[in-house]
Amino acid sequence: MSTERYNAKTVEPKWQAAWDDAQVFKAERDTREKYYVLEMFPYPSGRIHMGHVRNYTMGDVVARYKSAQGFNVLHPMGWDAFGMPAENAAMEKKVHPGDWTYKNIDDMRTQLKPMGLSIDWSRELATCDPEYYGQQQAMFIDMMEKGLVYRKEAVVNWDPVDMTVLANEQVIDGKGWRSGAAVERKELTQWFFKISEYSEELLEAIETLNDWPEKVRIMQANWIGKSQGLQFRFDTIGAPEGFEALDVYTTRPDTLYGASFAAISCDHPLAKALEAKNTELAAFNADCRKSGTSEEELEKAPKLGFDTGITVTHPFHTDWKLPVYVANFILMGYGTGAIFGCPAHDQRDLDFARKYDLVVTPVVCPEDQDPDDFTVGDEAYVGLGRMINSDFMNGMTIDAAKDAAINKIADLGRGAGKTQYRLRDWGVSRQRYWGCPIPVVHCETCGIVPEKKENLPVELPKDVNFETPGNPLDRHPTWRDVACPKCGKPAKRETDTMDTFVDSSWYFARFTAPRADTPTVKEDAEYWMNVDQYIGGIEHAILHLLYSRFFARAMNITGHLPQKAIEPFNALFTQGMVTHETYSTPGPDGRPVWRTPDEVRFAENGAVLIETGEPIDVGPMIKMSKSKKNVVDPEDIIDQYGADTARWFVMSDSPPERDVEWTASGAEAAWKHLQRVWRLTAELLENDETTKSNADLEKDLTKATHRCIDEVTRGIEEFAFNKSVAALYQFTNVVAKSKADGAAKRQALLTMSQLMQPMTPHLAEEVWQAMGGKGMVAEAAWPKANPDLLVDDTVTLPIQINGKRRDEIEVPADLAKNEIEKLALENAAVQKALDGGSPKKIIVVPGRIINVVV
RNA sequence: GCGGGCGUGAUGGAAUGGUAGACAUACCGGACUUAAAAUCCGGAGGCCGUAGCGCCGUGCGGGUUCAAGUCCCGCCGCCCGCACCA
């Protein structure tokens, strides 16, 4: 017997060429029902990684499956091509960010194509193409016209040595990553999208996103952060002119009688006003401002306060005075940037009060406690209860007290109930080169003037250098100086570019008409939108998805998307990450030097660096990332085993939503299995006629086939590809062991190749062809399971006694409940347990279980 | 700090509230081979020496239920996000 080995190296390119020639994956509008499947597009780092392989294989499984079901499938690919890494490369390697990026795109396309994805490559786009970002500029101008864009002052991280703005990522322990200088906060006038105006709408519409993961919907809702509260005014004593009142916002107006201090942010106008005369406060504020701008950093910092000496009077009792502190944990961006502190019922306030020795008065008492004895120690009480120590509110529930307090404040004319959102407007200004230029001109006469549409795209100048830190656009000799589009006088271009999140907030719409000279084309958007299935990492659960949802609404307002597309993603699947251990050696400055897995060897006494033998610190299993170098190169796997093996492996074992840990042995196992499938095929080709027909055996094989169809189909439908793979493993065992005749086995393998096609398309074509399938399996219709073949005549039912499994009986599948009960009571184990008595209770779940309670 | 998630054999994992560990990896044994690889067949959660109709077992502690990996409450650990990383 000469069973040839399956050779992926020759087979895979052959079928890829065949698909290309037949244009199998080209998507054109037609009369069929469409299906748009999209994976989050990659940043062109230069190498694909296992996360990409997993992401795009998942999408490909869905695309091929839907196509087999008769849908007109759109499955495109593009590049999220603007961003900081290109500028870093420019600084480090003295290459132009554009050259670097396009080279990376070429490299990654070259690595991606051998995966055999069912992508319509004619729709490929890159966000750094003027063809793309020019349309983005047009939309920016449309959004300006509709009042969706404005400018305001906002803080950035400022590196005083490099004289440049830093991203949060570039601030390490409060210092600039290159200069090492202590980072300062600096206010700049920046461009914003009015996303916060859509807070309520974005929140309410979450309920319509039925096919999104619950966790993402919760995270988005919490991010928008709607709260009902009270905004009211304190009267101040001893404050500078203009600050006779201090507005605060609270979600706990019920606790007003527990107030013991007021606190304002160091960026609050009052804090700034006080700085001038109070050097100590100025120093304190400066200290506060030294921390980065990230919310995480602010909230984690030890609570610090500075007593301003100013007091405010309690709104309900004007002779009751509260001190006003500047505190480092108050965010200027939320509410009014000022609060009142009720230590007994807020942990942060309590920590603060203990530190500065302020009064702690409980005003909510749990129902099961005596109000006279109830005190608060080191833990604030945040649960339910009745009001105490609260004058007119005493005895009320929290909710009733909230209403009462708000009404009283309103009666006093000091404020009103207010709905507040945590969501802030979207700052899109970036003081960087490698991004989409904001298409406006600053004219001394006309002010801010949008560029004329016919002058778009405002292209990035090519002649820039990165020798000096900062934004090269800012110091470009000619690009910056232009004539005002309105009056023609000398003016200056805006040198800020857009946040790369803008680029990724509408690419899904652009894919429906990627070459159009308008952002979208009505008919195409109408036909292809929405994305039926969107697939990507959980790390994008909030920002990217929320921005995209906002952008779709904005594009509807500006006429670039139909109303039905304001929620652009019908179904969302968030895949887990591909993780790997990290490896590092200590660097000269004490910071770890990260090492790639192929720089590391595992010896008996632990991991060592191959080059020098130095010991390696093995870090935890974390998301594969370039910065930590814990990356495995899929190209090596594809080289060694072929794309089908890589695809089969990433679909095996781990449920798609969970993290998967890369292992070499897993790839080996996948390869062995694919070889086995081919061996079965090849053996059958040679021995087809030798086996004799046997109706029972053939029926068994047919039943196994239909069970497999059912399980694989359900697995794909419910995004449990690992279960589909397991069903195929099992089915392969059945086929291998079956003694059914050649024709029956041939049929089983034809079906198997159809079921494997979404995961391992090349091998599937080869098996399909060998078994005499018509045309290409990529174009064959998905098999249907015959329900009659899925049920067995008899079932085995476990018998439990008091919930513990003691025996089992085999009964006809359609046996009536009372008959099963009768049989169960006759069972020896049950008889023994009953010991002559009668059962207390007997539960029969047909097809499942019998439980006898004695 | 805040928000969200996850936790099952040596390992990845399976299990509409109904036989926990399907399927796979690693491991052990056998067949084939001069030998190895490959392939095929078989074994296997733990404990009790053997043995049973035995006991224990889904991060930890409680609870609901005839029945809990699954539902509820409280912990612990790990991971993701926190608005200028993409």
Side-chain angles (χ1 to χ4, degrees), chain A residues 5 40 42-43 45 80 82-85 156-157 165-171 190 213-216 218-219 221-223 225 293-301 303 329 333 347-348 422-432 499-501 504 537-544 546-547 574 576-577 579 620-623 625-627 652-655 657-661 663 665-666 668-670 672-673 675-676 679 720 722-723 725-730 733 736 796-800 802-808 828-829 832-833 839-843 845 847-853:
Chain A
R5 253 194 181 189
M40 289 178 186
Y43 177 79
S45 61
D80 187 12
F82 276 135
M84 283 199 315
V156 293
N157 301 306
V165 176
L166 297 178
N168 284 338
E169 194 188 50
Q170 297 171 313
V171 180
Q190 308 194 59
E214 182 66 15
K215 61 178 169 186
V216 175
I218 292 170
M219 279 192 265
N222 288 340
W223 187 261
T293 57
S294 83
E295 195 166 302
E296 179 188 7
E297 205 180 323
L298 295 174
E299 299 248 6
K300 269 189 184 166
K303 311 283 168 280
F329 60 93
Q347 192 60 45
R348 240 175 3 185
R422 206 183 73 100
L423 182 64
R424 310 199 291 255
D425 276 334
W426 175 11
V428 296
S429 282
R430 297 292 180 271
Q431 296 70 38
R432 277 191 262 283
D499 178 8
T500 56
F501 271 121
S504 56
I538 183 68
E539 67 272 25
H540 296 293
I542 297 175
L543 290 180
H544 162 62
L546 193 60
Y547 290 151
T574 52
M577 286 169 299
T579 61
M621 202 60 81
I622 56 168
K623 176 187 174 182
S625 78
K626 247 190 118 182
S627 61
S652 311
D653 296 342
S654 272
E657 69 277 11
R658 222 184 280 186
D659 288 353
V660 65
E661 175 190 330
T663 64
S665 60
E668 178 82 11
K672 279 185 188 172
H673 177 73
Q675 288 294 336
R676 188 179 185 211
R679 213 159 41 239
N722 54 323
K723 289 194 241 170
V725 167
L728 281 161
Y729 268 116
Q730 198 155 24
N733 281 333
T796 305
L797 290 181
I799 297 180
Q800 292 184 337
N802 292 334
K804 292 210 168 206
R805 183 180 170 281
R806 284 297 127 109
D807 204 354
E808 56 184 36
K832 192 183 164 199
K840 274 194 201 134
K841 198 169 178 183
I842 175 160
I843 292 121
V845 185
R848 281 288 177 194
I849 205 163
I850 302 156
N851 191 9
V852 183
V853 186

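Every chain is numbered from 1, with letters handed out A, B, ... down the list of sequences.
What separates CH2 of A:Trp223 from P of B:G4 is a distance of 13 Å, to the nearest Å. With rounding to whole Å, A:Lys672 atom NZ is found 13 Å from B:C40 atom C1'. The CG-P distance, from A:Asp807 to B:G18, rounds to 21 Å in whole Å. Between A:His673 atom NE2 and B:U39 atom P the separation is 13 Å, expressed in whole Å. Atom NZ of A:Lys832 and atom P of B:G52 are 13 Å apart (whole Å). One can place CZ of A:Arg658 at 16 Å from P of B:C79, the figure rounded to the nearest angstrom. Following rounding to the nearest Å, A:Trp426 (CH2) and B:A83 (C1') show an atom-to-atom distance of 11 Å. Rounded to an integer number of Å, the gap from A:Ile849 CD1 to B:G18 C1' is 4 Å.
The side chain of A:Arg848 lies closest to B:U16, out of B:U16, B:G4, B:A83. Residue A:Ala167 places its side chain closer to B:C84 than to any other of B:U19, B:C84, B:C66. Closest to the side chain of A:Tyr729, out of B:A86, B:C23, B:U19, is B:C23. For A:Asn222, the side-chain atoms get nearest to B:G3 when compared with the rest of B:G3, B:C82, B:C23. Minimum atom distance to the side chain of A:Lys215 is reached by B:G5, of the listed B:G5, B:A15, B:A86. Of the candidate nucleotides B:C23, B:G81, B:C84, B:C23 has the atom lying nearest to any side-chain atom of A:Ala726. The side chain of A:Ile542 lies closest to B:G81, out of B:C40, B:C23, B:G81.
Side-chain N/O atoms of A:Lys804 include none lying less than 4.0 angstrom from OP1 or OP2 on B:A68. At B:A67, none of the side-chain N or O atoms of A:Asn802 fall inside 4.0 Å of OP1 or OP2 (strictly under the cut-off). Side-chain nitrogen and oxygen atoms of A:Asn168 include at least one within less than 4.0 Å of the OP1 or OP2 phosphate oxygen of B:A83.
Nucleotides B:G74 and B:U25 have their C1' atoms positioned 37 Å apart, rounded to a whole Å. B:G13 and B:C6: their P atoms are spaced 13 Å apart (whole Å). Rounded to whole Å, the separation between the P atoms of B:C85 and B:G17 comes to 41 Å. Separation of the P atoms belonging to B:G9 and B:C84 is 41 Å when rounded to the nearest angstrom. The gap from the P atom of B:C23 to that of B:A15 amounts to 13 Å, rounded to the nearest Å.
The line from NZ of A:Lys215 to OG1 of A:Thr574 is 4.0 Å long, rounded to the nearest 0.5 Å.
Side-chain contact between A:Phe501 and A:Val428 is absent, with no heavy-atom pair separated by less than 4.5 Å. Considering only heavy atoms from C-beta on, A:Glu539 stays 4.5 Å or farther from A:His544 through its side chain.
Here the side chain of A:Asp807 pairs no donor or acceptor atom with the backbone of A:Ile799 at under 3.5 angstrom.
For B:C82, the base has no donor-acceptor partner in the side chain of A:Glu295 [N/O atoms by modelled type, under 3.5 angstrom].
The pair A:Glu295-A:Arg422 meets the salt-bridge criterion, with a side-chain N (NZ, NE, NH1 or NH2) lying under 4.0 Å from an Asp/Glu carboxylate O.
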Encoded 5' to 3' (Watson-Crick or G-U under 3.5 Å; [ ] crossing; | other strand), RNA chain B becomes (((((((..(((.....[....))).(((((.......))))).((((...).)))..(((((..]....))))))))))))....
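Note on A:Arg348: nothing from the nucleic acid sits closer than 4.0 angstrom, heavy atoms only.
Nucleotides of RNA chain B nearest to A:Gln347 and A:Glu808 differ in position, and the one nearer the 5' end is that of A:Gln347. Across the interface with RNA chain B, nearest-nucleotide mapping of A:Gln431 and A:Pro798 shows A:Pro798 to be the residue nearer the 5′ end.
Syn is the conformation of B:G9, whose glycosidic angle sits no further than 90° from 0.
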